[in-house]
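Accompanying notes for the structure given below.
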Amino acid sequence: MVSAQNVMAVEPIPVPPDIDALELTDSIDIHRDPVPRLQVSTAPGADGIVRRIEVPSRDGSSRSWAVFALANTSDEQVDRLLVAPYFQLVGSRLFWPELGSSRIVAITPSQGLAPVREHSLEADVFMITLDPGAVVTFVAELATPELPQLRLWKPEVYKETVNGYTLYRGIVLGISGLLALFLTILFVVKGTVMFPATAALAWSVLAYLCIDFGFINLLLKLNDGGEQLYRASAEVMLAASLIIFLYAYLNLNRWNIHYSHLALTTLVLLLGLLGVAVWDPSIASGIARLAMGIIGVLGFATILVLAWHGYDRAILLIPTWFLLIAWLVGAGMTVTGNLANDIVQPALGGGLVLIVLLIGFTVMQHAFAGGAIAQGLISDVERRALALTGAGDIIWDWDIDRDRIFTGNEVEELLNLKPGTLEGPARDWLDVLHPQDRDRFRATLDAVIDKRRGKVVQTFRLRSEDGHFRWFRLRARPIVGADGEVIRCVGTLLDVTEERTAEERLLHDAVHDNLTGLPNRELFMDRLRSAVIQANADTAGTKPTVIMLNLDRFKQVNDSIGISAGDSILLTVARRLSRLIGQQDTLARLNGDLYGLVVLSEKEPDRVVALADSLRKAVRSPITFGEREIFLTCSAGISLFEGGKQGIEDLMANAEIALNHARRLGGDRQEVFRPILRPLGKNVVDLEADLREAIKKENLGVHFQPIVRLEDQSVAGFEVLARWKHPKRGQISPTEFIPIAEQSGLIHELGMYMLEKGAHQLSYWQREIKTPNPLFVSVNLSSRQLLNHDLINDVKAVLSRSSLIQGTLKLELTESLVMSNPEYSAKVLERLRGLGAGLSLDDFGTGHSSLSYLQRFPFDTLKIDQSFVKPNGQTARSVLLRTIVAMGHDLGMSVVAEGAESEEEALELYQLGCEYAQGFFFGQAVTADEATKILRKMPMEEAAS
């Protein structure tokens with residue numbers, strides 16, 4: 001058994017929330033002695049306690065390790081990217097250089113979430129999360145003994161940096177590739193030996209850049225170590241191509257045979273390094289780097305000697321080779337670590353392309369000097385005439401002395417004008433020009449005459465015979481006479497109508513939806529931003545409101561009738577909504593079947609809600625498609641502007657939360673955002689998953705609160721209540737997990753769970769315990785359950801599985817829930833009553849119900865809210881309480897009072913005629929076994945009777 005290595009605690013590194021990138025390279029503790037596991041003393045946490053953790057290697061082999069600690073000193077959660085590049089030219093060494101590979105196998109934190117590796121071709125990237133005030137020690141299992149660089153980045157800053165370097169690299173690679181291709185084509189055309197040598201150098205540089213920029217990883221799936229072989233080979237070929245170019249360009253064989261021997265020997269030795277690279281890339285790369293430096297110095301000396309003798313090629317190469325020497329010095333300082341900067345590596349790549357570009361220009365300058373190409377086959381005037389004809393431009397000539405413009409017949413034919421319409425004084429053009437272009441056109445011509453120099457580059461519109469305008473671009477220069485005055489202005493006129501139309505179409509499509517023509521998300525967000533800025537600066541009370549509308553069941557409709565029909569529906573909906581909004585409002589298609597609306601025409605919340613309701617009704621109208629009618633509904637989420645620091649992201653997020661809540665409630669409704677709809681905490685996702693698991697495994701507690709008969713204070717029934725003891729967090733209040741169940745859609749499963757458990761327990765009591773009157777239980781129903789179309793079938797299934805006395809399984813619904821949709825509620829309640837379920841109206845008196853509606857509902861029990869039961873010192877309380885009890889009896893309902901907490905309150909309720917009561921005075925919610933004991937302890941005479 002191999003013992004683990006012990007490591008002392010490290011000092012935590014603070015992670016400021018406002019720093020874009022944090023350098024960790026010099027602050028980590030690296031253990032290069034390979035061991036299969038590592039014992040680490042963690043950095044002291046906020047409580048000052050130092051703990052010990054042991055981290056084994058992932059595959060059980062001996063590894064090098066890196067240890068560091070991070071401290072989140074802020075009160076917010078911090079998400080950062082931990083980045084370790086595969087290859088760093090800075091400090092990679094001249095001899096036996098580090099050629100790069102994957103650095104980190106895995107990272108283990110002392111606490112919190114495990115870092116998640118993100119895909120990257122250039123670095124080991126891990127997403128780490130630091131809780132507020134947390135101090136976390138990280139143990140990194142290294143794939144190599146070296147870790148050249150380790151940084152902590154903000155995710156968005158790192159992505160922007162990578163994108164910036166990617167753009168730069170793409171430009172450099174594009175230039176390098178075009179240059180290599182161009183030099184290769186020149187070799188085919190010209191055929192001189194210097195062109196293939198220069199092309200070989202260009203292709204070598206392109207190969208080196210492809211590897212250095214990581215482009216090779218996109219083409220080839222390299223295993224670990226494969227990139228090192230390619231990198232070493234590229235450096236060898238770069239050194240070899242320098243020898244080939246220098247020999248071919250300077251034509252060294254004409255000076256001395258020893259030059260040829262030396263060049264050939266060096267080339268053979270360098271090419272032999274390719275075999276060495278297969279065995280050990282580091283050795284081959286080190287020799288190649290040293291060879292490049294020697295070639296650069298000796299080549300510069302050779303160039304200077306030949307230039308001293310008057311050799312033209314050498315003289316032309318001096319500036320370029322001097323830049324190469326400067327590049328080699330910079331590269332040498334970089335690999336030795338004397339020049340360390342983030343941009344030095346891409347800058348060296350760009351500099352290498354610049355050097356090859358200058359070499360290419362030098363070669364072309366010498367190769368074509370005095371050649372046949374430099375000798376004109378045609379005159380300059382003829383060449384200009386041919387170029388003008390080939391370009392298809394129209395001649396524009398203004399004779400200033402005669403004030404006459406000549407354009408030929410081409411423009412008049414394009415505009416369907418009479419011949420000679422545009423041939424005349426410049427002022428005649430003002431009648432044909434677009435009104436917005438006239439002043440600019442006149443001012444430009446006047447400026448050319450006054451200044452006697454410059455050029456005219458102007459785009460304007462000319463009116464055709466049918467009244468439409470076409471775009472033209474004028475490019476002209478003034479011609480000065482012997483007296484220094486402008487005598488003519490000559491140039492070309494080009495029809496650019498299609499180009500301008502395409503530009504306008506692109507601009508329109510960039511901010512509008514192609515299907516509906518509505519603004520897209522970008523334009524929507526821009527207008528919302530402007531509205532919020534105006535609202536913050538406007539004292540008149542401008543309040544922008546965001547409404548999100550989403551079509552219900554559109555995916556099913558789209559799948560059943562086809563995509564083309566779905567597009568037609570989206571277009572129809574867009575037109576209907578557009579007709580209902582104000583001119584200052586903005587309707588946009590955000591994506592798919594989601595529409596967004598910025599409302600500025602309405603300021604009052606009730607008017608905004610009314611507008612949302614009218615929009616929903618417009619969508620609800622049937623849509624005719626072919627021979628069929630399609631019925632759709634939509635859900636709406638409303639986010640009201642509250643001022644202050646509320647931004648557009650808050651408005652959008654709040655509207656989306658309200659929309660999701662409306663959809664969870666069954667759709668075809670609008671919801672105004674309220675803070676209670678927002679998730680209750682950062683652990684809500686985990687809590688939701690735990691709640692789902694508790695319901696699935698039946699680990700959720702079911703308690704029963706006694707409901708007593710006030711006449712003899714015997715137990716008449718129970719109210720079923722949910723209790724949840726979390727395995728880690730302990731007891732969780734219903735006020736915390738019930739809203740989570742509502743928001744996540746679990747409330748239906750939770751309600752059915754409680755209904756099943758309550759019915760099963762009631763069946764047992766009615767079967768095993770004899771009471772004078774049948775026991776009953778009350779189970780609460782939520783709005784989500786009432787709106788669920790499967791509620792009736794679910795209740796029917798529960799009643800069929802339990803042998804219960806009719807009416808003893810009571811379903812409790814709040815007054816506000818029933819009155820939210822009274823017509824629908826009345827139909828559902830009648831069906832439930834017909835199945836044999838009892839119905840109890842909960843929290844009576846707290847809502848705004850209509851008694852005309854209330855008498856239509858088939859409730860058999862009325863529950864008085866505890867706010868009417870608790871003494872509050874008001875004389876009207878007793879009157880209201882007596883009135884509610886009497887009204888319940890007149891409607892044929894039993895009356896249950898909630899919140900009875902003293903004997904005086906129980907006595908008062910009994911004297912007022914209330915039959916039942918529940919509260920802490922009669923007992924809190926207990927388990928099923930404890931409730932059974934309560935029932936069995938009832939006096940024997942009650943059971944006998």
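At least one side-chain heavy atom of Y165 sits under 4.5 Å from a side-chain heavy atom of I343. Proximity of L24 to L82: side-chain heavy atoms (C-beta onward) are separated by under 4.5 Å at one or more points. Contact check for L615 versus Y595: no side-chain heavy atoms found under the 4.5 Å cut-off. Residues L173 and C210 form a side-chain contact, since some pair of their non-hydrogen atoms from C-beta on lies under 4.5 Å apart. Two residues are said to be in side-chain contact when any heavy atoms from C-beta on lie closer than 4.5 Å; V573 and L570 fail this criterion. Between D613 and V609 there is no side-chain heavy-atom pair separated by less than 4.5 Å. Side-chain contact between S601 and V599: present, with at least one pair of heavy atoms (C-beta onward) separated by less than 4.5 Å. Under the 4.5 Å side-chain criterion, counting only non-hydrogen atoms from C-beta, E499 is not in contact with L494.
By the 6.0 Å contact criterion, CZ on R616 is enclosed, its count of non-hydrogen atoms from other residues, nucleotides or ligands being greater than 12. At most 12 non-hydrogen atoms from other residues, nucleotides or ligands lie less than 6.0 angstrom from CD of E76. Atom CZ of R475 sits in a sparse spot, with 12 or fewer heavy atoms from other residues, nucleotides or ligands closer than 6.0 Å. Under a cut-off of 6.0 angstrom, the local environment of CZ in R620 is crowded, with over 12 non-hydrogen atoms contributed by other residues, nucleotides or ligands. Counted within 6.0 Å of CZ on R440, heavy atoms from surrounding residues, nucleotides or ligands total more than 12; the atom is thus considered enclosed.
Ring geometry for W429 versus F460: interplanar angle over 60°, hence perpendicular rather than tilted (30 to 60°).
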>> Using side-chain contact (heavy atoms from CB on, under 4.5 Å), reason through R576 and I623 one step at a time and then give a plain yes or no.
In response: CA-CA 11 Å; R576 289 182 179 180; I623 299 174; 3.6 Å; yes
>> Under the criterion side-chain contact (heavy atoms from CB on, under 4.5 Å), I'd like the reasoning laid out for I128 against L152: C-alpha separation, chi angles, the key distance, then a yes or no.
In response: CA-CA 9 Å; I128 64 173; L152 200 64; 3.5 Å; yes
>> side-chain contact (heavy atoms from CB on, under 4.5 Å), that's the test. Do L462 and V411 meet it? Break it down for me.
In response: CA-CA 9 Å; L462 296 177; V411 178; 4.1 Å; yes
>> Could you go through D124 and R103, starting from their C-alpha distance and side-chain angles, then the distance that decides it, and tell me whether this counts as salt bridge (charged side-chain N to carboxylate O under 4.0 Å, His left out)?
In response: CA-CA 7 Å; D124 293 312; R103 303 294 178 178; over 6 Å; no
>> Set out, in order, the CA-CA distance, both residues' side-chain angles and the distance that settles side-chain contact (heavy atoms from CB on, under 4.5 Å) for K543 and E602, then state yes or no.
In response: CA-CA 8 Å; K543 294 182 178 179; E602 303 291 350; over 6 Å; no
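Atoms OG1 and CD1, on T586 and I581 in that order, are 7.0 Å from each other to the nearest 0.5 Å. One distance of note links CZ of R470 with NE2 of H434; it measures 15.0 Å at 0.5 Å rounding. Here T497 contributes atom OG1 and F469 contributes atom CZ; the two are 12.0 Å apart, rounded to the nearest 0.5 Å. Taking CD from Q670 and CG from L611, the interatomic distance works out to 10.0 Å, rounded to the nearest 0.5 Å. From F138, atom CZ reaches atom CD1 of I104 across 11.0 Å, with rounding to the nearest 0.5 Å. Annotation: the span from D552 atom CG to C634 atom SG amounts to 6.5 Å, rounded to 0.5 Å.
Between the side chain of R117 and the backbone N or O of P115 there is no donor-acceptor pair closer than 3.5 Å. Checked by atom type and distance alone, the side chain of K159 never pairs as donor or acceptor with a backbone atom of K154 at under 3.5 Å. Using a distance-only test at 3.5 Å, with no hydrogens or angles considered, a donor-acceptor pair links the side chain of D650 to the main chain of G647. The backbone N or O of L523 sits less than 3.5 Å from a side-chain atom of N520, completing a donor-acceptor pair. A donor-acceptor pair is defined here as one N or O able to donate and one able to accept, closer than 3.5 Å; such a pair exists between the side chain of N72 and the backbone of L130. Remark: the backbone N or O of A662 is not paired with any side-chain donor or acceptor of R669 at under 3.5 angstrom. Distance alone, capped at 3.5 Å, is enough to place a donor-acceptor pair between the N660 side chain and the E656 backbone.
Pairs of residues two or more places apart, or lying in two chains, that qualify as salt bridge (charged side-chain N to carboxylate O under 4.0 Å, His left out) and include a residue from residues 580-589 are D513-R589.
Shown here for A114 and P109, the closest heavy-atom pair between the two residues is CA-CG, 4.0 Å. Here the shortest heavy-atom pairing between Y168 and P346 reads OH-O, 2.8 Å. Here the closest non-hydrogen pair linking Q77 and P132 is N-CG, 3.6 Å. Nearest heavy-atom pair, L587 versus P519, reported as atom, atom and distance to 0.1 Å: O-CD, 3.0 Å. Residues M652 and M548 share a closest heavy-atom pair of CE-CE, 3.3 Å. For the pair A123 and V83, the tightest heavy-atom approach, listed with the atom from each and the gap, is CB-CG1, 3.8 Å.
Here R500 pairs with T459, W471, V496, E503 under the side chain to side chain contact (heavy atoms under 4.5 Å, CB included) rule; sequence neighbours left out.
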